[in-house]
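So the structure is just underneath, and the comments pick up after that.
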Number of protein chains: 2
Amino acid sequence: MTSRDLHRTVEARLRAVGQLYTRNRRALVEALERAGRPVSIPDLLARRRTLAQSSAYRNLGVLEQAGVVHRLVTDEGFARFELAEDLTEHHHHLVCSTCGSVEDVAVPKSFERYVERSLVRAARRAGFSPADHRIDVIGTCRNCGSANRDRLADNRDRS
Amino acid sequence: MTSRDLHRTVEARLRAVGQLYTRNRRALVEALERAGRPVSIPDLLARRRTLAQSSAYRNLGVLEQAGVVHRLVTDEGFARFELAEDLTEHHHHLVCSTCGSVEDVAVPKSFERYVERSLVRAARRAGFSPADHRIDVIGTCRNCGSANRDRLADNRDRS
DNA sequence: CTTCCTGCAAAAGTTTTGCATTAAC
DNA sequence: GTTAATGCAAAACTTTTGCAGGAAG
């Protein structure tokens with residue numbers, strides 16, 4: 001989807017829930033588009049100094065209700081936001097257990113189809129009506145991994 | 001694993017990180033064992049009135065470091081705790097988007113093997129070292145589903 | 001002109017921390 | 001008796017809310 005299509009879609013979805021596409025909201029959508037990964041509120045505030053914290057929370061809430069952004073929680077103690085999946089690509093997350101960063105990762109369609117069918121079956125057996133799923137891979141990101149390798153190398157050098 | 005084995009294992013893991021298996025900690029482990037699903041701090045405090053809130057947070061932190069409990073975050077704004085997976089069974093979660101409740105769900109071993117292999121491959125391609133994965137199914141639990149069906153039936157009756 | 005959005009400040013909710021007391025070994 | 005855990009209260013942090021002023025249609 002082009003950036004222009006994105007903004008048109010966002011505007012339509014906001015209008016559908018009786019909301020306007022204001023400057024602040026456009027700035028948030030642009031920031032999320034540029035980031036290409038889930039972003040925290042402090043990050044968003046740093047990128048747009050004039051944006052009040054309460055406006056960030058409120059607007060992200062509105063955008064979430066309009067189906068434009070998705071709020072996800074990590075074990076960092078605060079939330080992160082990303083564009084809704086139908087505005088990007090269906091993807092999952094690589095969560096670094098060292099630094100808390102979150103990156104997107106795509107998986108093959110065949111994997112998704114198989115996972116989806118299996119999960120629907122397992123959920124139904126438990127009397128649960130499945131609507132969606134979420135998969136996170138926990139581990140060590142490239143940065144923290146190489147930092148760790150450096151540290152190990154240092155220790156070897158010293159001994 | 002029997003309850004007795006569980007407590008022996010917990011005691012050993014706590015000792016391994018220089019911590020004691022005190023009454024409060026035993027009570028927390030027993031509560032988590034009985035619950036059989038992720039439990040919130042308010043729930044845990046309600047089940048043991050003499051337990052101070054700060055002790056609950058502190059002890060769950062210690063138990064997490066000892067590898068006895070696992071902290072998981074939902075979009076409810078607070079954390080839930082469960083026994084570590086190697087003390088129970090490998091499982092995933094059914095998260096109700098209406099009431100926020102979380103239940104455990106088991107999936108076939110063949111599913112796990114396939115998912116694990118696919119995720120490891122996808123993560124490595126992104127320069128990420130995978131250690132574990134987490135799968136949540138989002139949807140409507142049995143209670144909220146039947147409440148919703150009741151509501152729909154009511155509306156039909158009235159028209 | 002009327003409605004909705006914005007920013008500031010204060011409040012609410014969850015989690016963490018300091019410190020004196022108590023329990024565990 | 002010494003060390004570690006507990007409970008109370010206060011603090012820190014993220015998120016939500018009230019309200020007066022300003023922007024948008």
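A note on names: the letters A, B, ... follow the listed sequences, proteins ahead of strands, and every chain is numbered from 1.
For the helix from C:dC1-D:dG25 to C:dC25-D:dG1, the terminal axes (five pairs an end, C1' atoms, rotation from four pairs onto the next four) enclose an angle of 30°, given to 10 degrees.
Rounding to whole angstrom units, CZ of residue B:R48 and C1' of D:dG7 are separated by 13 Å. In this structure, B:Q53 places its CD atom 14 Å from P of D:dA10, rounding to the nearest Å. Separating the CG atom of A:L72 from the C1' atom of D:dT15 is a distance of 16 Å, rounded to the nearest angstrom. In this structure, the CG atom of A:L51 is 16 Å from the C1' atom of D:dG22, given to the nearest Å.
Between A:Y57 and D:dT15 there is a side-chain N or O to OP1 or OP2 distance below 4.0 Å.
More than 12 heavy atoms of other residues, nucleotides or ligands sit less than 6.0 Å from atom CD of A:E85. For B:E64, the CD atom counts as densely surrounded, since its 6.0 Å shell holds more than 12 non-hydrogen atoms of other residues, nucleotides or ligands.
With no hydrogens or angles considered, a side-chain donor-acceptor pair links A:H133 and A:E112 at under 3.5 Å. Side chain to side chain, B:E82 and B:H93 meet the donor-acceptor criterion of an N or O pair below 3.5 Å.
Pairs passing the salt bridge (Lys or Arg N to Asp or Glu O under 4.0 Å) check and including a residue from residues 47-58 of chain B, sequence neighbours excluded, do not occur.
In summary, A:R134 and B:D136 engage in a salt bridge, as defined by a charged side-chain N under 4.0 Å from a carboxylate O.
Along DNA chain C, the nucleotide nearest B:S54 and the nucleotide nearest B:Y21 are compared for position; the residue whose nucleotide lies closer to the 5' end is B:S54.
Hydrophobic cluster membership of A:V107, counting Ile, Leu, Val, Met, Phe, Trp and Tyr whose side-chain heavy atoms lie under 4.5 Å apart directly or via other members: A:L94, A:V105, A:F111, A:Y114, A:V115, A:L119, A:F128, A:I135, A:V137, B:L94, B:V105, B:V107, B:F111, B:Y114, B:V115, B:L119, B:F128, B:I135, B:V137. If you chain together ILVMFWY residues whose side-chain heavy atoms come under 4.5 Å of each other, A:L72 ends up in a group of its own.
Protein chain A contacts DNA chain C from C:dC5 to C:dA9, reading 5' to 3' and using non-hydrogen atoms of the protein with a distance under 4.0 Å.
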Where do N or O atoms of nucleotides 2-6 of chain D meet protein N or O atoms at under 3.5 Å, pair by pair?
residue	atom	partner	partner atom	Å
D:dA5	OP1	B:Q19	OE1	2.4
D:dA5	OP1	B:L20	N	3.4
D:dA5	OP1	B:R25	NH1	3.2
D:dA5	OP2	B:Q19	OE1	3.3
D:dT6	OP1	B:T22	OG1	2.8
D:dT6	OP1	B:N24	ND2	3.2
D:dT6	OP2	B:N59	OD1	2.8
D:dT6	OP2	B:N59	ND2	3.0

Side chain to side chain contact (heavy atoms under 4.5 Å, CB included) assessment of B:Y21 paired with B:H7: CA-CA 9 Å; B:Y21 198 22; B:H7 290 296; 2.7 Å; yes
B:D43 and B:R37: CA distance, side-chain angles, deciding distance, salt bridge (Lys or Arg N to Asp or Glu O under 4.0 Å) verdict: CA-CA 12 Å; B:D43 283 353; B:R37 70 175 57 196; over 6 Å; no
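Of the possible polar contacts, none joining the A:R25 side chain to the A:N59 backbone as a donor-acceptor pair under 3.5 Å is found.
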